[in-house]
Asker: 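Quick one: the structure is below, and I'll ask about it shortly.
Worth saying up front: this structure is predicted, and the values here are computed from it rather than measured. Just the heavy atoms: all of them, side chains too, but no hydrogens, waters or symmetry mates, feed the values below.
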Amino acid sequence: GVLEYNRAFARASGRFQLMCYKEEIEANLRTPGLAGFQLLDLHDYLGQGTALIGLLDAFWESKGYVTPEEFRRFSGPTVPLARLAQRTFTTAETLTADVELYHFGAKPLTQAAAYWEVVDASGLTVAGGDFAPRDVPIGKNLPLGRIALALDKMPAPAAYKLIVSFKDDTDAGNDWNFWLYPAAIDPAAP
């Protein structure tokens, strides 16, 4: 009785695979001393058996659950990285994150103007700020700044997304989901 959900199950499994790739790749990019990574493959292998490991099918075609642009947000020549200690918060807490940059583009960036914002599930910006413009050399673990956002005024429970991008023509950007819950629940509330 679940055949009608086959497409939804495959999409959910694929999106989970993508989340795992994102976490692993970002951990590598954030770790000082690691010089890169290799993926076994991005497409399914149908040689001596079936290995459905890829984000792409055996013909290098999309399986429909990630775009190249989305993948490049965390695996590209320039990647903003947030060091988040957690992804679930209460309204009594403060979201803090040191933000850094992995940059191995064609040349250093001059006076790159990065910013951050928090958006709700509908895409509405609920908080944000700017990092000081700076020259960015080629390299990794390049600090952009620190985010400290008190969460006591934000609606909860709710899902949010932290986004770090650039104001200029640098097309790099990255994002991280997080969830916010009330610090206390009124037992008399319906």
Side-chain angles (χ1 to χ4, degrees), residues 1-31 34-89 95 97 99-105 114-128 140 144 147 154-166 169-181:
V2 295
L3 183 59
E4 67 184 282
Y5 303 110
N6 182 50
R7 191 174 301 273
F9 289 155
R11 178 169 172 71
S13 177
R15 292 300 294 181
F16 181 67
Q17 176 192 35
L18 179 66
M19 290 169 31
C20 291
Y21 270 126
K22 181 177 180 359
E23 292 299 321
E24 285 291 326
I25 290 171
E26 286 183 359
N28 177 294
L29 299 182
R30 283 191 308 265
T31 303
L34 287 182
F37 61 90
Q38 276 186 306
L39 294 176
L40 176 60
D41 216 329
L42 284 177
H43 79 294
D44 293 344
Y45 176 71
L46 300 176
Q48 298 156 327
T50 300
L52 303 177
I53 56 149
L55 297 168
L56 304 173
D57 68 17
F59 303 103
W60 292 89
E61 295 169 347
S62 173
K63 292 182 179 178
Y65 55 80
V66 62
T67 65
E69 295 78 20
E70 183 180 10
F71 194 84
R72 275 194 291 272
R73 289 180 69 78
F74 62 86
S75 181
T78 304
V79 180
L81 299 163
R83 291 186 179 268
L84 289 161
Q86 62 198 67
R87 300 287 181 94
T88 57
F89 299 88
L95 180 150
V99 180
E100 59 191 49
L101 194 62
Y102 169 95
H103 176 62
F104 284 91
Y115 68 95
W116 64 272
E117 64 181 332
V118 172
V119 300
D120 65 16
S122 69
L124 179 69
T125 299
V126 296
K140 67 187 287 185
L144 283 179
I147 298 168
M154 294 173 53
Y160 293 96
K161 184 178 289 192
L162 170 64
I163 300 169
V164 175
S165 293
F166 289 87
D169 60 356
T170 304
D171 62 355
N174 204 351
D175 54 78
W176 304 268
N177 295 320
F178 70 94
W179 295 264
L180 182 62
Y181 297 95

Asker: Would you mind listing every salt bridge (charged side-chain N to carboxylate O under 4.0 Å, His left out) that reaches into residues 1-20, with sequence neighbours excluded?
Answerer: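 Salt bridge (charged side-chain N to carboxylate O under 4.0 Å, His left out) check on residues 1-20 returns Arg15-Glu70.
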Asker: Measuring from Asp171:CG to Thr78:OG1, what's the distance to the nearest 0.5 Å?
Answerer: 8.0 Å
Asker: State yes or no: are the ring centers of Phe89 and Tyr181 separated by less than 6.0 Å?
Answerer: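 So the answer is no for these two rings.
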Asker: Apply side-chain contact (heavy atoms from CB on, under 4.5 Å) to residues Leu81 and Tyr102 and explain how you reach the verdict.
Answerer: CA-CA 7 Å; Leu81 299 163; Tyr102 169 95; 4.0 Å; yes
Asker: Would you find a donor on one side and an acceptor on the other, under 3.5 Å apart, between the side chain of Asn174 and the backbone of Pro80?
Answerer: yes
Asker: Give me each pair satisfying ring-ring contact (aromatic ring centres under 6.0 Å, His included) with a member in residues 52-74, each pair once, sequence neighbours excluded.
Answerer: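 The answer is His43-Trp60, Phe71-Phe74.
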Asker: Report the C-alpha separation of Arg30 and Glu100 in whole Å, then their side-chain angles, then the decisive distance to 0.1 Å, and conclude whether the side-chain contact (heavy atoms from CB on, under 4.5 Å) test is met.
Answerer: CA-CA 8 Å; Arg30 283 191 308 265; Glu100 59 191 49; 3.9 Å; yes
Asker: If you round to the nearest 0.5 Å, how far is NZ of Lys161 from OG1 of Thr125?
Answerer: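 Output value for this atom pair is 12.0 Å.
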Asker: Looking only at non-hydrogen atoms, find the nearest pair between Ala27 and Thr31 and report the distance.
Answerer: O-OG1, 2.5 Å
Asker: Going by the rule side chain to side chain contact (heavy atoms under 4.5 Å, CB included), which residues pair with Ala10 if we only count those two or more places apart in sequence or in a different chain?
Answerer: none
Asker: Can you find a heavy atom in the side chain of Ser165 that is under 4.5 Å from one in the side chain of Tyr115?
Answerer: yes
Asker: Could you walk me through whether Val118 and Met154 pass the side-chain contact (heavy atoms from CB on, under 4.5 Å) test, one step at a time?
Answerer: CA-CA 11 Å; Val118 172; Met154 294 173 53; 4.0 Å; yes
Asker: Less than 4.5 Å apart, any side-chain heavy atom of Trp116 and any of Leu162?
Answerer: yes
Asker: Could you tell me whether the side chain of Lys22 reaches within less than 4.5 Å of the side chain of Met19, counting heavy atoms only?
Answerer: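 Counting from C-beta outward, Met19 and Lys22 never come under 4.5 Å.
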Asker: For Phe37, is the CZ atom crowded, meaning more than 12 foreign heavy atoms sit under 6.0 Å from it?
Answerer: yes
Asker: Which value, rounded to the nearest 0.5 Å, describes the distance between Ser75 atom OG and Glu26 atom CD?
Answerer: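 If I round to the nearest 0.5 Å, the distance is 10.0 Å.
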Asker: Between Asp44 and Lys63 (salt bridge meaning N to carboxylate O under 4.0 Å), is one present in this structure?
Answerer: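 A salt bridge is present here (some side-chain N lies under 4.0 Å from a carboxylate O).
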Asker: For the atom pair CZ (Arg73) and CH2 (Trp176), what is the distance rounded to the nearest 0.5 Å?
Answerer: 8.0 Å
Asker: Hey, what do you get for CG (Leu84) to CD1 (Ile147), rounding to the nearest 0.5 Å?
Answerer: 7.5 Å
Asker: Name the residue from Asp175, Ile163, Leu124 that meets the side-chain contact (heavy atoms from CB on, under 4.5 Å) definition with Val119.
Answerer: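 So the option named by the test is Ile163.
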Asker: Would you say the side chain of Leu101 lies within less than 4.5 Å of the side chain of Phe166, judging by non-hydrogen atoms?
Answerer: yes
Asker: Evaluate the side-chain proximity of His103 to Val79: yes if any heavy-atom separation is below 4.5 Å, no if none is.
Answerer: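 No, every pair of side-chain atoms sits at 4.5 Å or beyond.
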Asker: For Glu23, is there an ion pair with Arg87 - N to carboxylate O distance below 4.0 angstrom?
Answerer: yes
Asker: Starting at CG of Leu34, measure out to CG of Leu29 and round the result to the nearest 0.5 Å.
Answerer: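 Between Leu34 CG and Leu29 CG, I get 9.5 Å after rounding to 0.5 Å.
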Asker: Shortest non-hydrogen contact from Gly36 to Asn28?
Answerer: O-ND2, 2.9 Å
Asker: With a 4.5 Å heavy-atom cut-off, do Pro155 and Tyr160 have their side chains touching?
Answerer: yes
